[in-house]
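Chain identifiers are assigned alphabetically (A, B, ...) following the order of the sequence lines, protein sequences preceding nucleic acid strands; residue numbering begins at 1 within each chain.
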Protein chains: 2
Amino acid sequence: MDLRHLRYFIAVAEEENIGRAAARLHISQPPLTRQIQQLEEELGVRLFTRTPKGMELTQAGELFLEEARNIRAVVEQATERTQRAGQGKLGRLDVAIFGSGILGTIPRLLLAFRNDYPEVKTVLHTMTKAEQIEALRQRRITVGFNRMLAPLPDLATELVATEPLLLAVNENHPLARERHVSFRMLAEHPMVLFPTGARPNFIDKVMRLCEEAGFVPKVSQEVGDAVTGVALVAGGFGICLVPESVTVLTLPGVVFRPLQDASSNAHIDLSCLYRADDQSPILSAFLETVRAFRSAHISGKAAGMRSETGWDAGI
Amino acid sequence: MDLRHLRYFIAVAEEENIGRAAARLHISQPPLTRQIQQLEEELGVRLFTRTPKGMELTQAGELFLEEARNIRAVVEQATERTQRAGQGKLGRLDVAIFGSGILGTIPRLLLAFRNDYPEVKTVLHTMTKAEQIEALRQRRITVGFNRMLAPLPDLATELVATEPLLLAVNENHPLARERHVSFRMLAEHPMVLFPTGARPNFIDKVMRLCEEAGFVPKVSQEVGDAVTGVALVAGGFGICLVPESVTVLTLPGVVFRPLQDASSNAHIDLSCLYRADDQSPILSAFLETVRAFRSAHISGKAAGMRSETGWDAGI
DNA sequence: TTGAAACGATACCTTGAAGGTATTGATGGC
DNA sequence: GCCATCAATACCTTCAAGGTATCGTTTCAA
């Protein structure tokens with residue numbers, strides 16, 4: 001049995017006349033007659049009673065008509081769903097984020113993606129950079145978010161956003177009195193650094209910036225993530241350099257200060273990481289959204305745009 | 001798209017290798033390659049990623065695999081159900097019964113039919129004989145039950161059972177004292193007759209029997225059905241001749257007496273009526289059950305058989 | 001490094017079944 | 001009794017599914 005048989009059967013059942021059904025199907029009458037005979041023979045069931053007026057469904061034919069229509073609908077749905085999946089509009093995207101990645105940019109990006117592709121289920125996994133790389137290679141995730149990356153042969157990156165660094169400082173700290181802090185003012189102040197884990201990471205960036213400003217930072221504490229870092233600032237452990245997006249996190253006693261001489265160096269990239277050989281349309285769609293997000297965000301920041309996600313209001 | 005494409009796709013998806021899949025399908029590798037390409041092209045979706053190791057499903061392919069398996073199952077079910085319908089094992093049978101037909105034989109027959117064909121839904125309609133004929137001609141019912149029939153050109157009958165006639169009499173009536181009543185003893189006793197409606201009917205049979213016994217019955221009352229007739233006997237309206245199956249109906253004050261000289265004439269047939277041109281397998285199945293029921297009932301009465309329906313115990 | 005094996009893709013041929021034309025057979029209306 | 005209207009049949013054509021041979025890649029082992 002073939003889908004053609006079903007199409008023909010439905011036409012004959014609806015027209016109750018082989019000639020008319022053949023016309024509707026744009027074929028001539030004899031082949032249609034044969035196809036129906038063939039279908040009946042294959043099923044071993046008489047689907048029509050032939051009358052001089054035309055073709056009349058038997059009870060079994062009546063049932064088969066329902067079934068045939070149902071099969072057609074199921075097939076149609078299947079192709080449509082598969083096509084949507086092939087266009088990256090339907091499916092699942094496994095995304096890895098790092099500890100404090102839930103703050104700021106990433107949720108906004110994911111929300112924008114969900115807006116564009118509502119039928120793609122995004123599943124979040126919290127992973128360190130090393131875990132992300134491993135998971136990408138094992139295909140357990142499709143994209144990972146990261147701040148500092150050494151180029152890897154089999155993985156590619158796409159820049160998501162560039163954020164200036166801010167100083168997180170306790171309100172009782174001398175530097176809290178300054179409206180703008182210059183980089184060299186940080187010397188001698190004990191500093192909380194993060195994250196621990198695989199290099200290169202954010203720590204290396206901070207170290208290099210301090211070095212360029214002509215001093216070596218006094219390390220107060222190394223912690224796993226930005227949230228813990230800011231918490232230690234609240235506790236008076238010292239100062240801490242953080243990406244701007246961390247400012248959505250308000251802890252009592254912590255204030256954020258811009259770095260007066262923040263050059264383009266004093267910025268940190270947020271990128272997403274994916275398999276270079278991954279052809280998945282959902283990944284392509286996601287990367288497309290990332291690019292759109294990036295340009296909208298850059299121009300939008302200047303023009304006050306991109307409020308449709310409902311996030312900008314609170315930031 | 002064809003069901004063949006689905007079959008091929010499933011094989012390739014399961015084997016993850018076109019060569020092995022082709023072997024499983026008993027075709028050679030190149031046509032299978034082409035069929036898969038064709039399917040992908042038609043859907044406009046890449047279902048597999050070709051690796052040097054074989055064929056690996058994409059996410060869309062993964063989805064389509066589920067869909068394809070589902071379609072196959074749906075098609076399989078559809079053919080199976082249609083085949084059962086074609087064998088009269090699945091469907092619906094519209095049956096007409098007359099007023100007091102719910103008593104005795106008919107329910108037992110219908111139960112036997114349900115036992116044999118549990119997936120055929122029998123729908124009961126209460127109709128007079130004239131209504132049954134009309135409904136048969138309009139195909140609103142498939143079989144009707146009746147007691148007396150004039151032969152009709154387009155309708156055929158099948159004998160269901162032959163029942164002796166009994167006398168229903170009030171316990172205070174003089175005839176109630178007799179253990180066996182002979183036919184001519186009925187003369188002069190007012191008699192309740194049924195049913196009213198289209199001739200020939202049960203009344204004609206009773207009249208002829210009386211005539212043969214040499215008297216004309218004194219009609220006390222004509223009523224619509226046996227139940228009403230027996231009810232009037234309970235109320236003292238007179239005596240009433242009824243088919244044996246009516247004895248399942250026990251009303252206070254009514255006793256039933258066999259007719260001593262009950263010849264083969266003093267029997268009444270119960271037949272079922274159907275369209276002579278009806279080829280429906282459900283009707284054939286039903287008539288087959290009727291025949292089996294009839295012979296089992298005749299021999300079973302003697303041998304005490306046919307208790308599997310659970311009815312015999314109470315009768 | 002090279003050769004063999006395994007994989008899918010391509011080229012080209014064969015065949016079977018779907019589709020077309022012409023016609024037949026049967027039934028009902030005028 | 002003739003014609004119109006069905007479906008069915010006979011016979012031919014064509015197109016696509018299937019077969020054989022071969023190619024281009026990649027991987028693995030000698």
Side-chain angles (χ1 to χ4, degrees), chain A residues 1-43 45-58 60-61 64-65 68 137 153-154 275-279, chain B residues 1-43 45-58 60-61 64-65 68 137 153-154 275-279:
Chain A
M1 189 171 61
D2 246 336
L3 293 184
R4 183 189 52 254
H5 287 112
L6 300 186
R7 205 171 69 245
Y8 288 5
F9 168 75
I10 291 170
V12 175
E14 284 176 355
E15 298 289 344
E16 296 187 322
N17 176 310
I18 289 197
R20 275 200 304 275
R24 184 170 122 184
L25 294 166
H26 307 295
I27 61 172
S28 59
Q29 172 253 318
L32 184 53
T33 295
R34 269 174 314 189
Q35 292 292 315
I36 296 296
Q37 287 174 335
Q38 200 174 318
L39 179 62
E40 286 183 323
E41 196 174 341
E42 190 177 333
L43 289 172
V45 176
R46 237 183 153 48
L47 299 171
F48 295 98
T49 52
R50 276 73 168 171
T51 73
K53 288 180 178 177
M55 308 282 276
E56 201 177 326
L57 282 171
T58 62
F64 192 64
L65 177 58
R137 292 200 169 124
D154 55 343
R275 292 177 67 98
D277 66 350
D278 192 337
Q279 299 291 315
Chain B
M1 189 170 58
D2 246 336
L3 293 183
R4 184 189 52 254
H5 288 111
L6 300 185
R7 206 171 69 246
Y8 288 4
F9 168 74
I10 291 170
V12 174
E14 283 175 356
E15 298 289 343
E16 296 186 321
N17 176 310
I18 289 198
R20 277 200 303 275
R24 186 172 120 183
L25 295 166
H26 306 297
I27 61 172
S28 59
Q29 173 254 317
L32 184 53
T33 295
R34 268 175 312 183
Q35 292 292 315
I36 297 297
Q37 288 173 335
Q38 200 175 317
L39 179 61
E40 286 183 325
E41 196 175 340
E42 190 177 335
L43 290 173
V45 176
R46 237 184 152 48
L47 299 172
F48 295 98
T49 53
R50 276 72 168 172
T51 73
K53 288 179 177 177
M55 307 282 277
E56 201 178 325
L57 282 171
T58 62
F64 192 66
L65 177 58
R137 292 200 169 123
D154 55 342
R275 292 176 66 98
D277 66 349
D278 193 336
Q279 298 291 314

Who are the salt bridge (charged side-chain N to carboxylate O under 4.0 Å, His left out) partners of B:E14, not counting sequence neighbours?
B:R24, B:R69

Between B:Q29 (side chain only) and B:G19 (backbone N and O only), is there a donor and an acceptor less than 3.5 Å apart?
no

Between C:dG8, D:dA17, D:dA7, which nucleotide gets closest to the side-chain atoms of A:T33?
D:dA7

By salt bridge (charged side-chain N to carboxylate O under 4.0 Å, His left out), which residues pair with B:R7, not counting sequence neighbours?
none

Calculate the interatomic distance between A:Q38 atom CD and D:dA7 atom P; express it in whole Å.
18 Å

In 5'-to-3' order, the base (B), backbone-only (S) or no-contact (-) status of each nucleotide in nucleotides 20-30 of chain C, using a 4.0 angstrom heavy-atom cut-off, is BBB----S---

On a heavy-atom basis, the closest approach of A:A68 and A:L6 is CB-CD2, 4.1 Å

Rounded to whole Å, please give me the gap between CD in B:E41 and P in C:dA9.
13 Å

Checking the side chain of A:E40 only, and the main-chain atoms of A:L47 only, is there a donor and an acceptor separated by less than 3.5 Å?
yes

A:L32 CG - D:dA8 P separation (whole Å):
10 Å

How far apart are the C-alpha atoms of B:R50 and B:I36, what are their side-chain angles, what is the distance that settles it, and do they pass the side-chain contact (heavy atoms from CB on, under 4.5 Å) test?
CA-CA 12 Å; B:R50 276 72 168 172; B:I36 297 297; 4.1 Å; yes

Distance in angstrom units between B:R50 CZ and D:dC23 P, rounded
22 Å

is_close_aromatic(B:F64, B:F48), centroid dist under 6.0 Å:
no

To the nearest Å, how far apart are A:Q35 CD and D:dA7 C1'?
15 Å

List in chain and number order the residues that pass side-chain contact (heavy atoms from CB on, under 4.5 Å) with A:E16, two or more places apart in sequence or in another chain; answer none if no residue qualifies.
none

side-chain contact (heavy atoms from CB on, under 4.5 Å) filter on B:N17, not counting sequence neighbours, yields B:R20

Given atom CD of A:Q37 and atom C1' of D:dA10, what is their separation to the nearest angstrom?
13 Å

Output the rounded distance in Å from CD1 (B:I36) to C1' (D:dA17).
14 Å

Note: contacts of residues 10-23 of chain A with DNA chain D (heavy atom, under 4.0 Å) are A:N17, A:I18, A:G19

For B:M1 and D:dA16, give me the distance from atom CE to atom C1', rounded to whole Å.
18 Å

Looking at every strand, decide which applies to B:F48 at a 4.0 Å heavy-atom threshold: base, sugar-phosphate, or nothing.
nothing

